[in-house]
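Each chain gets a letter, A, B and so on, in the order its sequence line appears, and its residues count up from 1. This is a predicted model, so every value here is computed, not measured.
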Amino acid sequence: MVIAPRSVAPVTPNDIRLFTLLASVPPGRVVTYGQLADFIGAPRRARWVGQLLRQLPKDSSLPWHRVINAQGKISLPILEGGREQAERLRAEGVLVSADGRVSLRLYRWMP
DNA sequence: ACATTGACGCCCA
DNA sequence: GTGGGCGCCAATG
């Protein structure tokens, strides 16, 4: 499995845990930033998860597009990849509304 | 060193 | 449903 390294800063054990967990999210399912943080034992650190995903290399093999916010919406700005995220999700059969909303009830993945 | 900025989330009004 | 306040914290200016 290819773990996308942080471009500059050192990769911490928590980084590895997060990437490993994210890599296990199956196609057609989504998880929230908060979920990822909680499951690796870093509650209330959803923001840190987003910050980590933000610096993933563009060619990362990690399913970054399966991460949405607790509101069930795509957080990534349209011009910064939000469009691509919606496309990737739809390609996996996930229904994404025009405003980037996804049904957590239908697609949320639980480890 | 200090201030601001986010791929966030929970709580409350 | 919406909006404000706070916690969180690495990156950035």
Tightest non-hydrogen contact, residues A:D38 and A:P43, listed as OD1-CA, 3.4 Å

Looking at every non-hydrogen atom in both residues, tell me the closest pair between A:G28 and A:Y107 and how far apart they are.
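A:G28 and A:Y107 have their closest heavy atoms at O-CD2, 3.5 Å.
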
So, taking the atom named CD1 in A:I40 and the one named CG in A:L22, what distance separates them when rounded to the nearest 0.5 Å?
10.5 Å

Going from CZ on A:F39 to CG on A:L21, what distance comes out if it is rounded to the nearest 0.5 angstrom?
7.5 Å

For B:dA1 and C:dT12, measure between their C1' atoms and round to the nearest Å.
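Straight-line distance between the two C1' atoms is 14 Å.
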
Using the C1' atoms only, state how far C:dG7 lies from B:dG6, rounded to an integer number of Å.
14 Å

Without placing hydrogens or testing angles, list every side-chain donor-acceptor pair under 3.5 Å for residues 70-77 of chain A, not counting sequence neighbours.
residue : atom : partner : partner atom : Å
A:S75   : OG   : A:N69   : ND2          : 3.0

Can you list the steps and then say if A:L104 with A:I68 is a side chain to side chain contact (heavy atoms under 4.5 Å, CB included)?
CA-CA 9 Å; A:L104 283 175; A:I68 61 178; 3.6 Å; yes

Please list residues of [range] whose heavy atoms come under 4.0 Å from any atom in DNA chain B, ordered by number; otherwise none.
{"range": "residues 27-43 of chain A", "result": "A:T32, A:Y33, A:G34"}
{"range": "residues 103-111 of chain A", "result": "none"}
{"range": "residues 79-91 of chain A", "result": "none"}

Residues from residues 64-78 of chain A sitting under 4.0 Å of DNA chain C, heavy atoms only?
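Under 4.0 Å from DNA chain C: no residue of residues 64-78 of chain A.
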
Worked verdict on A:R47 versus A:Q51 for side chain to side chain contact (heavy atoms under 4.5 Å, CB included):
CA-CA 6 Å; A:R47 199 154 205 152; A:Q51 171 255 110; over 6 Å; no

What is the nucleic acid contact for A:R44, judged by heavy atoms within less than 4.0 Å: base, sugar-phosphate only, or nothing?
sugar-phosphate

According to a 4.5 Å side-chain heavy-atom criterion applied to Ile, Leu, Val, Met, Phe, Trp and Tyr, with indirect links allowed, do A:L95 and A:W109 form part of one hydrophobic cluster?
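They do share one cluster, since a chain of ILVMFWY contacts under 4.5 Å joins A:L95 to A:W109.
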
Hydrophobic cluster membership, with links at side-chain heavy-atom distances under 4.5 Å among I/L/V/M/F/W/Y: are A:L89 and A:L106 in one?
yes

Could you check if a side-chain atom of A:W48 sits within less than 4.5 angstrom of a side-chain atom of A:D15, using non-hydrogen atoms only?
yes

Report the distance from atom CZ of A:R47 to atom C1' of C:dC6, rounded to the nearest whole Å.
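Checked: the CZ to C1' distance equals 11 Å.
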
Nearest whole Å is fine: how far is C:dA10 P from A:W48 CH2?
9 Å

Compare side-chain N and O positions of A:R45 against OP1 and OP2 of C:dC9 and report whether any pair is under 4.0 Å apart.
yes

Whether A:E92 and A:R88 form a salt bridge (side-chain N of Lys/Arg under 4.0 Å from carboxylate O of Asp/Glu) is what I want to check.
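No, no charged N to carboxylate O under 4.0 Å.
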
Contact boundaries on DNA chain B for chain A, cut-off under 4.0 Å to non-hydrogen atoms
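Listed 5' to 3', the contact boundaries are B:dG6 to B:dC10.
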
If we count only N and O atoms by modelled type, under 3.5 Å, do the side chains of A:T12 and A:N14 hold a donor and an acceptor together?
no

How far apart are the C-alpha atoms of A:E87 and A:H65, what are their side-chain angles, what is the distance that settles it, and do they pass the side chain to side chain contact (heavy atoms under 4.5 Å, CB included) test?
CA-CA 9 Å; A:E87 289 174 356; A:H65 59 286; over 6 Å; no

On DNA chain C, check which nucleotide each of A:R54 and A:A46 is closest to and give me the residue with the more 5' one.
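Result of the comparison: A:A46.
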
Could you tell me whether the side chain of A:R29 and the main chain of A:R108 form a donor-acceptor pair under 3.5 Å?
yes

